[in-house]
Amino acid sequence: MAVYLTKESKVLVQGMTGGEGMKHTRRMITAGTDVVGGVNPRKAGRTVDFGDRAVPVFGSVADGMRSTGADITVVFVPPAFARSAVTEAADAGIGLAVVITEGVPVHDSVAFTTYAKARGTRLIGPNCPGLISPGQSNAGIIPADIAKPGRIGLVSKSGTLTYQLMYELRDIGFSTCVGIGGDPVVGTTHIDCLTAFEDDPDTDLVVLIGEIGGDAEERAAAHIRDHITKPVVGYLAGFTAPEGKTMGHAGAIVSGSSGTAQAKKAALEAAGVRVGSTPTETARLVLDLLGNRT
């Protein structure tokens, strides 16, 4: 089993005919993803050859859904078009929209995350690597060959750290890894993923990766304390970040004592989460906990 993404998922790619869209669509197909169509109103009616699969291009998400039964869209469009792409997908009634695009203006992110939620579309991102259920499907840009199927769930703000922890725990494997994105406004939160993993019978333990800035990790800690029964191991990026400076992600900025790695670590540990000081130590904590449960 997996969360949000399974081998049954049928995926559209908005922006498939662009350079990044083409490259990552090919990688998703190689990973076993059932990519059933692309979306580009200027190239509707064409097909794109990906070796052993010819993928049709549709003029809209609605057309693609009607023709293929697609339930997920992955968005590879420039920042200026992200809002319209998500709005179109939500209007079509797609179940999940994965927005890979980075550099989306915050006011656009606020608008389309709110719009999607009101119409029942789960949104992951923007500025995220997507999600992968190893051995089943891959929607986004996460490398498919760094981990096998297993019983760890992972939720992360950082794409790079997602890959690092997947590699560190490659011999154990994952049910699903979700990169939620590091912008100030994202559609799916740590809490959403923690809840999904708690309800997934094939996830035994959750790895939560956070970073400086905002209060998402503190809110996740409160949720873990009150609602999560499975063990959670955490890692936080940014212990050495200088105050007041954005580090990597647009949301990773510390102002005064708010949003520091130290404060987030304290909140998580108070909720019973074991927090590693490095990715390697975090992986060791996971192995220790899994060993204690066998």
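These numbers come from the heavy atoms of this one structure, side chains and all, not from hydrogens, waters or symmetry mates. Throughout, numbering of the chain's residues begins at 1 and tracks the sequence.
In this structure, CE in M166 is found 13.0 Å from CG in L161, a value given to the nearest 0.5 Å. To the nearest 0.5 angstrom, Y4 atom OH is 13.0 Å from S9 atom OG. In this structure, NE2 on H190 lies 11.0 Å from CZ on F197, to the nearest 0.5 angstrom. Distance check: Y235 OH to Q164 CD gives 8.5 Å after rounding to the nearest 0.5 Å. Atoms CG and CG, from L131 and L154 in turn, are 11.5 Å apart once rounded to the nearest 0.5 Å. The structure places CE of M65 at 11.0 Å from CD1 of I72, a figure rounded to the nearest 0.5 Å.
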Under 3.5 Å, sequence neighbours excluded: what are the donor-acceptor pairs made by side chains of residues 87-96?
{"unit_1": "T87", "atom_1": "OG1", "unit_2": "R83", "atom_2": "O", "d": "2.8"}
{"unit_1": "E88", "atom_1": "OE2", "unit_2": "V61", "atom_2": "N", "d": "2.6"}
{"unit_1": "D91", "atom_1": "OD1", "unit_2": "Y115", "atom_2": "OH", "d": "2.5"}
{"unit_1": "D91", "atom_1": "OD2", "unit_2": "Y115", "atom_2": "OH", "d": "3.3"}

Item to check | Step-by-step side chain to side chain contact (heavy atoms under 4.5 Å, CB included) determination, N127 to I100 | outcome: CA-CA 5 Å; N127 188 19; I100 307 300; over 6 Å; no

Item to check | Trace of the side chain to side chain contact (heavy atoms under 4.5 Å, CB included) decision for V57 with V39 | outcome: CA-CA 5 Å; V57 181; V39 178; over 6 Å; no

Checklist entry - Is there a side chain to side chain contact (heavy atoms under 4.5 Å, CB included) between V99 and V86 once you walk through the steps? => result CA-CA 8 Å; V99 185; V86 173; 3.6 Å; yes

Checklist entry - Would L205 and V232 count as a side chain to side chain contact (heavy atoms under 4.5 Å, CB included) if you check the C-alpha gap in whole Å, the side-chain angles of each, and the deciding distance to 0.1 Å? => result CA-CA 6 Å; L205 177 149; V232 180; over 6 Å; no

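Without hydrogens or angle criteria, E211 side chain to L236 main chain gives no donor-acceptor distance under 3.5 Å. When atom types are taken as modelled, the side chain of T25 and the backbone of M16 share no donor-acceptor pair closer than 3.5 angstrom. Of the possible donor and acceptor atoms, one in the side chain of K264 sits under 3.5 Å from a partner among the backbone N and O of G214. Listed for the S137 side chain is no donor-acceptor partner under 3.5 Å among the backbone atoms of T33. In this structure, H227 contributes its side chain and A222 its backbone to no donor-acceptor pair below 3.5 Å. Side-chain N or O atoms of N138 include one that pairs as donor or acceptor with a backbone N or O of I142 at under 3.5 Å. Side-chain atoms of K230 do not come within 3.5 Å of backbone N or O of V206 as any donor-acceptor pair.
When the side chains of ILVMFWY residues are joined at heavy-atom separations under 4.5 Å, either directly or via intervening members, V233 and V178 end up in a single hydrophobic cluster. Note on I228: it clusters hydrophobically with L285, by side-chain heavy-atom contacts below 4.5 Å among ILVMFWY residues. Note on L194: it clusters hydrophobically with L268, by side-chain heavy-atom contacts below 4.5 Å among ILVMFWY residues. Two different hydrophobic clusters hold I124 and V75 under the rule that ILVMFWY side chains link at heavy-atom gaps under 4.5 Å. In this structure, V35 is not a member of the same hydrophobic cluster as L12, with clusters built from ILVMFWY side-chain heavy atoms closer than 4.5 Å.
The minimum heavy-atom distance linking G37 with F58 is given by the pair CA-CE1, 4.0 Å. The shortest non-hydrogen separation linking V3 to A196 is CG1-O, 3.7 Å. Between A271 and R225, the shortest heavy-atom distance links the atoms CB-CB, 3.9 Å.
Under the rule for a side chain to side chain donor-acceptor pair (under 3.5 Å), the partners of T162 that lie at least two apart in sequence or sit in another chain are S156. In this structure, the ring-ring contact (aromatic ring centres under 6.0 Å, His included) partners of H24, at least two apart in sequence or on a different chain, are F76. With sequence neighbours excluded, no residue forms a side chain to side chain donor-acceptor pair (under 3.5 Å) with T282. Under the salt bridge (charged side-chain N to carboxylate O under 4.0 Å, His left out) criterion, E281 pairs with no residue at all, not counting sequence neighbours.
The number of heavy-atom neighbours closer than 6.0 Å to CZ of F81, taken from other residues, nucleotides and ligands shown, is 12 or below.
Between K148 and D171, none of the side-chain N atoms (NZ, or NE/NH1/NH2) sits under 4.0 Å from a carboxylate O, so this pair counts as no salt bridge. Look at D202 and R151 and you find a salt bridge, because one of the NZ, NE, NH1 or NH2 atoms lies within 4.0 Å of a carboxylate O, short of that distance. We find that K265 and E217 are not joined by a salt bridge, their nearest charged nitrogen and carboxylate oxygen being 4.0 Å or further apart.
With 3.5 Å as the limit, one finds a donor-acceptor pair spanning the side chains of T176 and S133. There is a side-chain donor-acceptor pair under 3.5 Å between T229 and E198. In this model, no donor atom of one side chain and acceptor atom of the other lie less than 3.5 Å apart for Q136 and T6. Using modelled atom types and a 3.5 Å distance limit, the side chains of T195 and D192 yield no donor-acceptor pair.
A heavy-atom distance below 4.5 Å is found between the side chains of V98 and C128. Contact annotation: the side chain of V273 approaches that of I224 to within less than 4.5 Å [non-hydrogen atoms, C-beta and beyond]. A heavy-atom distance below 4.5 Å is not found between the side chains of R26 and I29.
Within the structure, the side-chain hydrogen bond (donor to acceptor under 3.5 Å, both in side chains) test picks out the following pairs touching residues 34-50 (sequence neighbours left out): K10-D34, T17-N40, D34-R53.
A side chain to side chain contact (heavy atoms under 4.5 Å, CB included) with P279 holds for exactly one of V207, T160, L165, I209; it is L165.
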